[in-house]
K.L.:
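Let me begin by handing over the structure; questions about it come next.
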Amino acid sequence: MKLNATKKLLPVLPKILGTVSLLLGIIVLIGWYTHNETLIQVNPLFVPMQYNTALGFALSGLTILLWPFKKLSGLFSFAVLGIGLITLC
């Protein structure tokens with residue numbers, strides 16, 4: 001029984017996780033544009049999510065969702081890599 005449930009969930013899981021990542025990034029980006037601290041920082045005790053991190057989440061979600069389109073997915077993955085490298089420098 002458990003094996004059947006796993007087989008049904010496995011093809012859908014990347015779509016769910018890609019969508020969650022994309023939505024999380026977009027929500028935080030909207031928070032940055034509207035200066036809404038609740039969207040940027042869920043709890044006042046938590047560190048706020050930085051703009052480039054939210055952009056990375058959104059682009060990573062797009063990369064996962066667009067995986068069947070290899071060239072477009074590769075473009076977004078290089079954008080995520082570039083944002084990460086620029087952040088570190």
Side-chain angles (χ1 to χ4, degrees):
M1 180 73 174
K2 245 185 173 176
L3 189 58
N4 274 341
T6 304
K7 283 185 179 181
K8 289 179 183 178
L9 182 65
L10 198 57
V12 181
L13 194 60
K15 293 176 185 174
I16 293 171
L17 296 177
T19 304
V20 168
S21 176
L22 176 64
L23 289 176
L24 176 66
I26 288 173
I27 288 170
V28 175
L29 288 172
I30 289 170
W32 275 104
Y33 284 117
T34 61
H35 304 288
N36 187 341
E37 289 189 22
T38 306
L39 296 178
I40 300 169
Q41 186 176 9
V42 178
N43 187 335
L45 299 175
F46 296 162
V47 177
M49 184 183 285
Q50 296 300 316
Y51 184 88
N52 55 346
T53 305
L55 190 59
F57 266 88
L59 291 175
S60 294
L62 272 175
T63 301
I64 294 169
L65 291 174
L66 296 174
W67 188 255
F69 307 100
K70 298 294 183 187
K71 288 185 180 182
L72 195 56
S73 176
L75 178 70
F76 284 119
S77 63
F78 275 113
V80 173
L81 176 67
I83 291 169
L85 289 174
I86 290 170
T87 301
L88 289 175
C89 292

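The model shown is predicted, which means the values in this text are computed figures rather than measured ones.
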K.L.:
Between Thr63 and Ser77, which heavy-atom pair has the shortest distance, and what is it?
P.N.:
OG1-N, 3.5 Å
K.L.:
Can you find a heavy atom in the side chain of Phe57 that is under 4.5 Å from one in the side chain of Val28?
P.N.:
no
K.L.:
What do you reckon, is NZ of Lys70 surrounded by more than 12 foreign heavy atoms closer than 6.0 Å?
P.N.:
yes
K.L.:
What distance separates Gln41 CD from Asn43 CG, expressed to the nearest 0.5 Å?
P.N.:
7.5 Å
K.L.:
Nearest 0.5 Å please: distance from the OG1 atom of Thr34 over to the CD1 atom of Ile40.
P.N.:
7.0 Å
K.L.:
Answer with yes or no whether the hydrophobic clustering places Leu62 together with Ile30; edges join I, L, V, M, F, W, Y residues whose side-chain heavy atoms lie under 4.5 Å apart.
P.N.:
yes
K.L.:
Of all heavy-atom pairs between Pro14 and Pro11, which one has the smallest distance, and what is that distance?
P.N.:
CD-O, 3.7 Å
K.L.:
Atom CG of Leu81 and atom CG of Leu59: how far apart are they, to the nearest 0.5 Å?
P.N.:
12.0 Å
K.L.:
Can Tyr33 be reached from Ile26 by stepping across I, L, V, M, F, W or Y side chains whose heavy atoms are under 4.5 Å apart?
P.N.:
yes
K.L.:
On a heavy-atom basis, which atom in Leu29 and which in Ala58 lie closest, and how many Å separate them?
P.N.:
CD1-CB, 4.4 Å
K.L.:
If hydrophobic clusters are built from ILVMFWY residues whose side chains come within less than 4.5 Å, do Phe69 and Leu17 share one?
P.N.:
no
K.L.:
I'd like to know if Ile83 and Leu72 are part of one continuous hydrophobic network [Ile/Leu/Val/Met/Phe/Trp/Tyr, side-chain heavy atoms within less than 4.5 Å].
P.N.:
yes
K.L.:
May I ask you to test the Met49-Leu24 pair for a side-chain heavy-atom distance under 4.5 Å?
P.N.:
yes
K.L.:
Shared ILVMFWY cluster between Phe76 and Ile64, side chains joined below 4.5 angstrom?
P.N.:
no
K.L.:
Are there more than 12 heavy atoms of other residues, nucleotides or ligands under 6.0 Å from atom CH2 of Trp67?
P.N.:
no
